[in-house]
Amino acid sequence: QVQLVESGGGSVQTGGSLRLSCAASGYIGSRYCMSWFRQVPGKEREGVAVIDNDGGTWTADSVKGRFTISKDNTKIWYLQMNSLKPEDTAMYYCAAVGQHCNTLPAGTNVPSGYNYWGQGTQVTVSS
């Protein structure tokens, strides 16, 4: 059974930085797609960044140039968040699926395409 556990959230002021981590236990697959989503109350979950097993990445326009997704050689993925803004305040979730990102039928930003989710970590940015 795969479990994802996020960490690294917290409260910062505008312009600050945080690094989120997502640690996976269990076997996802030799090919996988891993994403960071975020959600604020009353809104849909929004895709923020994606990375696949080949190291290919994608980031949303709203965070491009400020957020960076990466992974190490173990089953840990990261979201480095710099120049944080109040509008980045949200619950952040990591999600994974055992297939390459390019094969997800609805694309990488649809939450239903992922079958493993973390519990979420809160990020709060104050002005």
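Starting from 1, each residue takes its place in the sequence as its number.
Cluster partners of Tyr78 are Ile76, counting Ile, Leu, Val, Met, Phe, Trp and Tyr whose side-chain heavy atoms approach within less than 4.5 Å, directly or via other members.
Contact record, Trp36 with Cys22: CZ2-CB, 3.6 Å, taken as the closest heavy-atom pair. Pairing each heavy atom of Ala24 with each of Trp77, the nearest pair is CB-CZ3, 3.4 Å.
For the salt bridge (charged side-chain N to carboxylate O under 4.0 Å, His left out) condition, the pairs that include at least one residue of residues 19-44, sequence neighbours left out, are Arg38-Glu46, Arg38-Asp88.
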Residues 94-113 side chain polar contacts: donor-acceptor under 3.5 Å, at least two apart:
{"unit_1": "Gln99", "atom_1": "NE2", "unit_2": "Thr103", "atom_2": "O", "d": "3.2"}
{"unit_1": "Gln99", "atom_1": "NE2", "unit_2": "Thr103", "atom_2": "OG1", "d": "2.9"}
{"unit_1": "His100", "atom_1": "ND1", "unit_2": "Asn102", "atom_2": "N", "d": "3.1"}
{"unit_1": "His100", "atom_1": "NE2", "unit_2": "Asp52", "atom_2": "OD2", "d": "3.2"}
{"unit_1": "His100", "atom_1": "NE2", "unit_2": "Asp54", "atom_2": "OD2", "d": "3.0"}
{"unit_1": "Thr103", "atom_1": "OG1", "unit_2": "His100", "atom_2": "O", "d": "2.7"}

Name each donor-acceptor pair under 3.5 Å that joins a side chain in residues 7-17 to protein atoms two or more places apart or in another chain, with its distance.
{"unit_1": "Thr14", "atom_1": "OG1", "unit_2": "Ser126", "atom_2": "O", "d": "3.0"}
{"unit_1": "Ser17", "atom_1": "OG", "unit_2": "Asn82", "atom_2": "OD1", "d": "2.9"}

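Tyr116 pairs by the ring-ring contact (aromatic ring centres under 6.0 Å, His included) definition with nothing, not counting sequence neighbours. In this structure Gln122 satisfies the side-chain contact (heavy atoms from CB on, under 4.5 Å) test together with Thr89, Met91, Thr124, sequence neighbours excluded.
The backbone N or O of Leu4 lies less than 3.5 Å from no partner atom in the side chain of Lys75, so there is not a single donor-acceptor pair.
Shown here is Glu87, whose CD atom has more than 12 heavy atoms of other residues, nucleotides or ligands within 6.0 Å.
The side-chain heavy atoms of Tyr114 and Ser35, taken from C-beta on, include a pair separated by under 4.5 Å.
Here the rule is side chain to side chain contact (heavy atoms under 4.5 Å, CB included) with Tyr92, and of Glu6, Met81, Gln39 only Met81 fits it.
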